[in-house]
Amino acid sequence: MASAALLGAVRVLSFPGVLYVLVGAAVGYIFGFLPGLTASVALSVLLPLTYGMEPDFAIMMCAGVLGGVCFGGSISAILLNTPGTGSNAATTLDGYPMSKEGRASEALGASASASFLGHAFGILAVIAVMPLMMRIVLSFGPPEWFALGIGGLSLVASVSGKSLLNGLVAACLGLLLSTHGVNPVVGSPRYTFGLMSLWDGLPLVPVLVGMLALPELVLIFSEHTTISATGKLSGGGTWKGVRATLRNLPLVALCGTIGTLIGAIPGVGGNVSTWIAYSQAKSLSKHPEQFGKGCIEGVIAPEAANDATEGGALMPLLSLGIPGSPSTAVLLGAFITHGLVPGQKLITQQLPTVFALLWAHLLGAFVACTIGLWLAKYAARITVVPTRLLAPLLTIVCLVGCYATRQRAEDLVIAVVFAVLGYAMRRSNIPRVPVLLGLILGPLVERSYQISMQLSNGSPAIFFTRPYSVFFMLMIPLSLVLPGFLMARRKGQGTTA
């Protein structure tokens, strides 16, 4: 494993690998800074542009995006009281009061250093459990993969929105959409409507762009004249914030642990981990009365947890092919687009690529958190660009990328159709990630089910006689009670914050 880690580092640090990581980090930094344009949207926009690249370089660029988004989102949270992503919301509680006190640079310095340390904590946790992950996935067969797919999908569906029913309906819609194309076992075409372009199923890139990126661009185009009315950054104090983070390393480690563990649970993510970390920091602080009034610990805790969550979300993705967050769901699409299948084959046969992803993720975070501080006052000007100019430009980039992937005009039609669907779901508060996850996991679930039935002569008992498959099947009833627990937990954090 050491040689694979070294080879992965060489790929990332050599040219042009390092250039792709830098580009990805810059894209993630900008998208994270713009309110509403999250990591999943950034990856959706970037994914079509990676078509034709070598798989390693494409994955490195996507990892760079993930490394840059979280800190980018904290800048607008601190400067403008507008979190760039939902997981940066807790940062506004103390970050914005610090800005009003003229301590914006101190808050940004603390955010940058805590973000990088959180990323490092999460990535090192993935590396630490890699040997165990490899041993586990080697024991997986078709029953385990089926149970994992259904159990993970039900869990993600149940925690992706406020309504359990909406999440399950969205997941079933994704599974239904995955049946377009050739049967993975029998080989006969289904639901192709006479179109050769559907024999391989619905193209993933147009669906991703249509469901995630285009609806967000429509919303910011229609709802705002500008993203923000101001964008100012106070001078001085940056290193004071960095030193504050270093003085609170035990808090960073605690919040990094919280973020990593919660990130490893599919579908939970930073929206939960940051509030739990903030609550823990407040309860352990010697001066809890200062929280919400410009306390530096109130910036360090959620940012460390937020970035560690991204590392934790890579654990189920790399080992089991189940994304731990919306951004890693799109990253899963990037893997599949470039012929890489997360899970057993990836971590046993292409381990250098896994380490290249991890090192690129860490490098992207480092770049965003260092150079990003120098660019913050200039990036703030983007928020005063009229969205009627910004949104159409990004829409053109998305559609050109969709067409360039396969150079088929029908892909543009598919993107527009799913944009309409995604917009309607967005306005109706129906989660879209379960649809995408169902589309991605559908072939694996169907193939594993059919093979399992052949092995057991049609008996479903095969899913309840093997330890791992039983565990994953138990995730299904667990997912029915988990949302209620999380909702109660969130209400408790809101009361104590």
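When reading the values below, keep in mind they use all heavy atoms of this one structure, side chains included, and skip hydrogens, waters and symmetry mates. From a predicted model like this one, the values you see are computed outputs, not experimental measurements. Residue numbers start at 1 and run along the sequence shown.
A donor-acceptor pair is defined here as one N or O able to donate and one able to accept, closer than 3.5 Å; no such pair exists between the side chain of Ser111 and the backbone of Ala107. A donor-acceptor pair is defined here as one N or O able to donate and one able to accept, closer than 3.5 Å; such a pair exists between the side chain of Ser113 and the backbone of Ala110. Side chain of Asp307 to main chain of Phe116: no donor-acceptor pair is present (N/O by atom type, distance under 3.5 Å, no hydrogens or angles). With Asn248 contributing its side chain and Ala244 its backbone, the two residues share a donor-acceptor pair below 3.5 Å.
For the pair Phe57 and Pro16, the minimum side-chain heavy-atom distance is below 4.5 Å. A 4.5 Å side-chain heavy-atom check between Ile300 and Val252 finds at least one atom pair inside the cut-off. Ile430 places none of its side-chain heavy atoms less than 4.5 Å from the side chain of Val435.
Gly122 approaches Thr260 most closely through the heavy-atom pair CA-OG1, 3.7 Å. Of all the heavy atoms in Gly109 and Val242, the pair that sits closest is O-CG2, 3.6 Å. Considering all non-hydrogen atoms of both residues, Tyr20 and Met61 come closest at CD2-CE, 3.2 Å. The heavy-atom pair separating Val299 from Thr91 by the smallest distance is CG1-CG2, 4.3 Å. The two residues Gly210 and Pro215 have their closest heavy-atom pair at O-CD, 3.0 Å. In terms of heavy-atom proximity, Leu43 sits nearest to Leu331 at CD1-N, 4.2 Å.
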Please lay out, stage by stage, how Tyr423 and Leu214 fare under the test side chain to side chain contact (heavy atoms under 4.5 Å, CB included).
CA-CA 8 Å; Tyr423 182 82; Leu214 295 181; over 6 Å; no
Evaluate the criterion side chain to side chain contact (heavy atoms under 4.5 Å, CB included) for residue pair Glu297 and Gln290; output intermediate values, then yes/no.
CA-CA 9 Å; Glu297 296 171 17; Gln290 296 182 13; over 6 Å; no
Test Val12 against Val21 for side chain to side chain contact (heavy atoms under 4.5 Å, CB included), laying out the working first.
CA-CA 8 Å; Val12 171; Val21 177; 4.2 Å; yes
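Considering SG of Cys255 and OH of Tyr278, their distance stands at 11.5 Å, rounded to 0.5 Å. In this structure, CZ in Phe121 is found 10.0 Å from CD1 in Ile258, a value given to the nearest 0.5 Å. Note that NE2 of His119 is 10.5 Å distant from CD of Glu303, once rounded to the nearest 0.5 Å. The CE atom of Met211 lies 7.0 Å from the CZ atom of Phe418; values are rounded to the nearest 0.5 Å. Rounding to the nearest 0.5 angstrom, the gap separating the CD1 atom in Ile123 from the CG atom in Leu314 is 5.5 Å. Distance check: Arg247 CZ to Ile296 CD1 gives 8.5 Å after rounding to the nearest 0.5 Å.
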For residues 352-368, please give each side-chain donor-acceptor pair under 3.5 Å, one per line with the distance, not counting sequence neighbours.
unit_1, atom_1, unit_2, atom_2, d
Thr353, OG1, Arg11, NH1, 3.4
Thr353, OG1, Asp56, OD1, 3.0
Trp359, NE1, Ala5, O, 2.9

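Residue pairs meeting the ring-ring contact (aromatic ring centres under 6.0 Å, His included) criterion with at least one partner in residues 293-322, sequence neighbours excluded, do not occur; the list is empty.
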